[in-house]
Amino acid sequence: MKNNQTMPQISFSADACKLSGFTAKDALELYAAKGVLVFLKEQMTALEVANAIESLSAIASNLTVLLASACGICNNCGEGCTDCDECQNNPAAWVQNCSLCHDLLDENQRIHIPDYLLEEAGIPADAKLEACTHEDSGEIMVTEADIQQDINDMPPGILSVLAASGVCLAELDELIMLERIIHGK
């Protein structure tokens, strides 16, 4: 997203300007998106655009590796197999065969309550829900979850890459819910 509003003064170190190729004569554009601000030259050559793409791709790759490393590889959450024929050298099968990781991707595992009932209970329609049971009465109690972010908030493309790479989705869900710092510790 391009932003042409007046911004506060921001200074860049000489080393950063030299590395990026920015000079005092260059007008900059600010691009803002979820979790990121990026400055680009207002005018760039084809080679400068290609170099910017390469730099942004490297940053995205490094962040993906950081996220995957923080989660670790799925080991079936200590249950089941990781050594069967299907799982041998197939990281996607590790996640598929782990009931906990698999359930996190399964839409049928989510709680769905009609909007009118949520409204009657004073729960926002987009709120995350949690449920508990009362074994003696057979009742199921559904309430607004205390934690309103989880793995379902992940961008689908990133989640697919992590699942296909055998990354433990249960650990990812926990990192998200607990808001653990994984970068800049």
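Quick caveat, the model's predicted, so the values are computed rather than measured.
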**Message:** Among residues at least two apart in sequence or on other chains, which ones pass side-chain hydrogen bond (donor to acceptor under 3.5 Å, both in side chains) with R180?
**Reply:** none
**Request:** Report yes or no: do I181 and L67 belong to one cluster of Ile/Leu/Val/Met/Phe/Trp/Tyr joined by side chain heavy-atom distances under 4.5 Å?
**Result:** no
**Request:** Return the set of residues passing side-chain hydrogen bond (donor to acceptor under 3.5 Å, both in side chains) with T23 (not counting sequence neighbours), or none when no residue passes.
**Result:** D26
Donor-acceptor pairs under 3.5 angstrom involving side-chain atoms of residues 46-60: please list them, not counting sequence neighbours.
from	atom 1	to	atom 2	distance (Å)
E48	OE1	T45	N	2.8
E48	OE2	K41	NZ	2.7
N51	ND2	L47	O	3.3
S55	OG	N51	O	3.1
S57	OG	I53	O	2.9

For residues 115-125, which side-chain donor-acceptor pairs fall under 3.5 Å, sequence neighbours excluded?
none

**Request:** Could you tell me which residues satisfy side-chain hydrogen bond (donor to acceptor under 3.5 Å, both in side chains) with H134, sequence neighbours excluded, listed by chain and number?
**Result:** none
Expected list for residues 155-179: side-chain donor-acceptor pairs under 3.5 angstrom, two or more places apart:
from	atom 1	to	atom 2	distance (Å)
S160	OG	P156	O	3.0
S165	OG	V161	O	2.8
D173	OD1	I151	N	2.8

**Message:** Just to verify, what does S11 make a side chain to side chain contact (heavy atoms under 4.5 Å, CB included) with, not counting sequence neighbours?
**Reply:** none
**Complete:** Between the CD atom in Q96 and the CG atom in L105, the distance rounded to the nearest 0.5 Å is 8.0 Å
**Request:** Kindly state whether the ring of Y31 and the ring of F39 have centres lying under 6.0 angstrom apart.
**Result:** no
**Fill in**
Residues passing the side chain to side chain contact (heavy atoms under 4.5 Å, CB included) test with H183, sequence neighbours excluded, are L66
**Asked** Is a side-chain N or O of N97 found less than 3.5 angstrom from the main chain of A93, in a donor-acceptor match?
**Response** yes
**Prompt:** Which residues pass the side chain to side chain contact (heavy atoms under 4.5 Å, CB included) test with Q43, sequence neighbours left out?
**Reply:** none
**Message:** Suppose we screen for ring pair (Phe, Tyr, Trp, His ring centres under 6.0 Å). Which residues come up paired with F22, at least two apart in sequence or across chains?
**Reply:** none
**Request:** Would you mind listing every salt bridge (charged side-chain N to carboxylate O under 4.0 Å, His left out) that reaches into residues 129-152, with sequence neighbours excluded?
**Result:** K128-D150
**Request:** Could you tell me which residues satisfy side chain to side chain contact (heavy atoms under 4.5 Å, CB included) with A131, sequence neighbours excluded, listed by chain and number?
**Result:** I111, I140, V142
**Item:** Stepwise side-chain contact (heavy atoms from CB on, under 4.5 Å) check, L40 with V38
**Value:** CA-CA 6 Å; L40 294 175; V38 175; 4.1 Å; yes
**Item:** side-chain contact (heavy atoms from CB on, under 4.5 Å) evaluation trace for W94 with I73
**Value:** CA-CA 9 Å; W94 304 341; I73 297 299; 3.1 Å; yes
